[in-house]
Amino acid sequence: MLLHLPEVLSREEVAEIRAALAEARWVDGAASAGPQAQKVKQNKQLPADAPEARTLGERIEAALRRHPLFQSAALPHIVLTPRFNAYERGGHYGNHVDSALHHDPFRGVTARTDISTTVFLNDPDEYEGGELIVEDTYGAHEVKLNAGDAILYPSTSLHRVEPVTGGVRLASFLWTQSLVKDSEQRRMLFELDMTILRLRSQLGDSEEVVGLTAHYHNLLRQWAQM
Ligand SMILES: O=C(O)CCC(=O)C(=O)O
Ligand SMILES: [Fe+2]
């Protein structure tokens, strides 16, 4: 499941984060990729252990955690500290799958990557190219969102960032270990949760709504792993 999260960051937050990124020290992104991804990666990143990356990353994480769709769709167990990348002058990231495990130097934890997230920090008209393409069994999906919006996709999917042929594409990206490892189970829980929300707004806490809510929690109890 690909999910668009609108307005994770406000316009003001985007502007503040971009101002801080303009002052930050950037390094070659290939250094932090595995052997396959390294060959197809051409971008810049903030060093994963840079103090300024931590402060900015924690702002992104707090904003995501406030977003009701993120909670429901990701069912986060561990959110790794968000990182930052920049693509310009033909910068791109060819087809790859994210490494199964990632270490968070700030928290000293290693997490399984179940869900990948990109938070866009530029509007689409600020750069040429730079689409995030995510492949799943239904084909290839092209994603280019407004500044402050985010996309969630299963970390199992092959994906790439097309060359940026004009302007600069800035983004924050991160991985989440979900309480529910299986993406189909997560999708069913998300759809059930959204349906219950709609029913509750129509019917209030009727007996049926309470019954479905019990099913939701009992399924989550079956499937959640910590
Ligand atoms: O820049 C993006 O949207 C995705 C980056 C990415 O795929 C990665 O760093 O693994
Ligand atoms: Fe990736």
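Keep in mind that this is a model prediction, so the values were computed, not measured. Atoms within a ligand are numbered from 1 in the order they appear, just like the ligands themselves.
For the pair Trp175 and ligand 1, the shortest N or O to N or O distance does not fall below 3.5 Å.
Aromatic ring centres of Tyr153 and His159: separated by under 6.0 Å.
A salt bridge between Glu162 and Arg160 is present, with a side-chain N of the basic residue lying under 4.0 Å from a carboxylate O of the acidic one. Ion pair Asp123/Arg11 flagged as a salt bridge, since at least one NZ, NE, NH1 or NH2 atom sits closer than 4.0 Å to an Asp/Glu carboxylate oxygen. A salt bridge is absent between Arg59 and Glu12; no separation between the charged side-chain nitrogens and carboxylate oxygens falls under 4.0 Å. Between Arg198 and Glu191, none of the side-chain N atoms (NZ, or NE/NH1/NH2) sits under 4.0 Å from a carboxylate O, so this pair counts as no salt bridge.
Taking a cut-off of under 4.0 Å to the non-hydrogen atoms of Arg169, the atoms of ligand 1 that pass are 1 (O), 2 (C), 3 (O). Below 4.0 Å from some heavy atom of Asp98 lie the following atoms of ligand 1, by number and element: 10 (O). Taking every non-hydrogen atom of Thr118 and a distance limit under 4.0 Å, the qualifying atoms of ligand 1 come out as 2 (C), 3 (O), 4 (C). Residue-ligand proximity, Val161 to ligand 1, at heavy-atom distances under 4.0 Å covers atoms 1 (O), 2 (C), 3 (O), 4 (C). Near Phe173, the atoms of ligand 1 lying under 4.0 angstrom from a non-hydrogen atom of the residue are 9 (O). In summary, the atoms of ligand 1 found under 4.0 Å from a heavy atom of His159, numbered by their order in the structure, are 7 (O).
Using modelled atom types and a 3.5 Å distance limit, the side chains of Asp98 and Thr113 yield no donor-acceptor pair. Defined by atom type and a distance below 3.5 Å, a donor-acceptor pair is missing between the side-chain atoms of Asp136 and Ser157.
Take a cut-off of 2.8 Å around the Fe ion (ligand 2): the protein N, O or S atoms inside it are His96 NE2, Asp98 OD1, His159 NE2.
Between the choices Phe84, Tyr87, Tyr153, Phe120, the shortest heavy-atom distance to atom 1 (O) of ligand 1 belongs to Tyr87.
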Under the side chain to side chain contact (heavy atoms under 4.5 Å, CB included) criterion, do Arg169 and Glu88 qualify, and how do the steps go?
CA-CA 7 Å; Arg169 175 195 192 269; Glu88 59 186 322; over 6 Å; no
Is there a side chain to side chain contact (heavy atoms under 4.5 Å, CB included) between Leu220 and Tyr216? Walk through the geometry before answering.
CA-CA 6 Å; Leu220 182 56; Tyr216 175 87; 4.2 Å; yes
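Counting heavy atoms under 4.0 Å from ligand 1, residue Arg83 does not touch it at all. By the criterion of a heavy-atom distance under 4.0 Å, the side chain of Asn85, and not its backbone, is placed next to ligand 1. At a 4.0 Å heavy-atom cut-off, ligand 1 touches His96 through the side chain alone.
The protein heavy atom nearest to atom 8 (C) of ligand 1 is Tyr93 CE1, 3.4 Å.
For the pair Lys44 and Phe84, the cation-pi criterion (under 6.0 Å, within 45° of the ring axis) is not fulfilled.
Annotation for Ala53 and Pro47: closest pair CB-O, 3.8 Å, computed over non-hydrogen atoms.
The shortest distance between side-chain heavy atoms of Leu3 and Ile151 does not fall below 4.5 Å.
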